[in-house]
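By convention in this document, chain letters (A, B, ...) are assigned in the order of the sequence lines, proteins followed by strands, and residues within each chain are numbered from 1. Predicted model, so just to flag it, every value in this text is computed and none were measured.
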Protein chains: 2
Amino acid sequence: MIAKINLKEQGLTETTPRLAVLKAMEANTAQHMSADDVYRYLLERDRPLPMSTVYRVLAQFEQAGIVERHSFDAERTKQVYELKDPEHHDHMICIKCRSVHEFLDPQIESRQIEIAENLGFSLTDHSLNLYGICAGCVQKDAQSEKTIKQ
Amino acid sequence: MIAKINLKEQGLTETTPRLAVLKAMEANTAQHMSADDVYRYLLERDRPLPMSTVYRVLAQFEQAGIVERHSFDAERTKQVYELKDPEHHDHMICIKCRSVHEFLDPQIESRQIEIAENLGFSLTDHSLNLYGICAGCVQKDAQSEKTIKQ
DNA sequence: ATGGTATTGCGACTCATTCTCATTCGTATT
DNA sequence: AATACGAATGAGAATGAGTCGCAATACCAT
């Protein structure tokens, strides 16, 4: 659960575009939103914002620590955003259906810190993405294979 | 140490452009090479190859398992390639000097497999990038801070 | 040498993202 | 409430990595 975000508290003045983008993000916490997703959401449900503003506002949000930016796709390098969860998590991406599961593993987290320390690195950030085929798609695959063999 | 690569063994005919790109990669195992790095290397040391061919050949190499593609940069999403190491490794990137350290941690590796299993995922791949400031840059930072304070 | 397939060179193209700059908005101050 | 000044926005052009289409060329088996 993500706490209600107040722009002023994050050092951002409350403008109409910023509130709109924030609304779009809050309405879609279940997904990771690309700039285009935000753009289309606002076009349909709210009022249109130019893409340049969507990008700008998302960048401002990222700087203010309101959202996090990721790029999951190994091929197409499209960026997506999500409201920042106070507790960090990693991602597991289904390469078939593009669904994203979030997970947190304290063991890996602490191991990363150890590794960084050993190498004399001052760790500021990290990203761990697991790619694979989700339970649902594994099943679908198995079924379609059966169908073909018949 | 990476074994000498034979294109034919990888199912690729030995053409001049492919050999040139391979040579460029083998001559620069210390760095991760962008398509542009390869392009410039060949322009200077060998014979020019059009960018489209560089990209194409690198893509063929990736498919054949000769190189691996990564995108380290959190901001600019530029892709880089490296000759594929038979044993997988992860990356630690210095956000100051852009240097990349490679590391391998069996504990994290096996934990990833466990996590995937628990979530019903069939794991095909993963990427773990640690971002931070390397030992060298930490020192430089400390020094320049001292200078400023004087 | 010949023919057919695979590969290349070239430029045009796509698409996400960033930039520019004139206009408008937000807000602190009269 | 008017003013003023910096911050934010809108619109569209620009950028830059990467891809595509297709004619020309290279590779290889016969």
Whole angstrom is fine here: how far is it from CZ in A:Arg18 over to P in C:dT24? 19 Å
Roughly, in whole Å, what's the span from NZ in B:Lys78 to P in D:dT15? 16 Å
Does one hydrophobic cluster hold both A:Phe121 and B:Tyr131, with members joined at side-chain heavy-atom distances below 4.5 Å? no
If you take all heavy atoms of B:Lys78 and B:Asp36, which pair is closest and at what distance? NZ-CB, 4.5 Å
Just N and O in the side chain of A:Gln79: are any of them under 4.0 Å from OP1 or OP2 of C:dA16? no
From CA spacing to verdict: ring-ring contact (aromatic ring centres under 6.0 Å, His included), A:Phe103, A:His91: CA-CA 6 Å; A:Phe103 67 90; A:His91 296 95; 8.0 Å; no
In terms of side-chain heavy atoms, does A:Thr13 have a donor or acceptor partner in A:Arg18 at a distance below 3.5 Å? yes
Taking B:Leu128 as the starting point, is it possible to reach B:Ile93 by hopping between hydrophobic residues whose side chains are less than 4.5 Å apart? no
For residues A:Ile133 and A:Cys137, report the shortest heavy-atom separation together with the two atoms involved. CG2-CB, 3.5 Å
So does A:Gln31 get a backbone contact from the side chain of A:Asn28, meaning a donor-acceptor N/O pair under 3.5 Å? no
Rounding to an integer number of Å, can you tell me how far A:Tyr39 OH sits from C:dT17 C1'? 15 Å
So for the helix from C:dA1-D:dT30 to C:dT30-D:dA1, with five pairs setting each end axis, what is the inter-axis angle to 10°? 30°
How would you summarise protein contacts on nucleotides 24-30 of chain D per nucleotide, using B for base, S for sugar-phosphate only and - for none, with heavy-atom distances below 4.0 Å? ---SS--
Starting at atom CG of B:Leu42, determine the distance to atom C1' of C:dT8, rounded to an integer number of angstrom. 15 Å
Any salt bridge linking A:Glu26 with A:Lys23? Criterion: basic side-chain nitrogen under 4.0 Å from a carboxylate oxygen. no
Regarding A:Glu82 and A:His89, do their side chains bring together a donor and an acceptor under 3.5 Å, going by distance alone? yes
Without swapping roles, check the side chain of A:Asp105 against the backbone of A:Ile108 for a donor-acceptor pair under 3.5 Å. yes
Tell me: CD of A:Gln63 to C1' of D:dA8, nearest whole Å? 15 Å
Strictly below 4.0 Å, heavy-atom distances to any atom of DNA chain C: list the hits from residues 43-62 of chain A, or just say none. A:Ser52, A:Tyr55, A:Arg56
Test side-chain hydrogen bond (donor to acceptor under 3.5 Å, both in side chains) on A:His32 and A:Glu68; report intermediate values, then the result. CA-CA 10 Å; A:His32 292 77; A:Glu68 254 177 34; over 6 Å; no
Expressed in angstrom and rounded to an integer, what is the separation of A:Leu7 atom CG from C:dG26 atom P? 13 Å
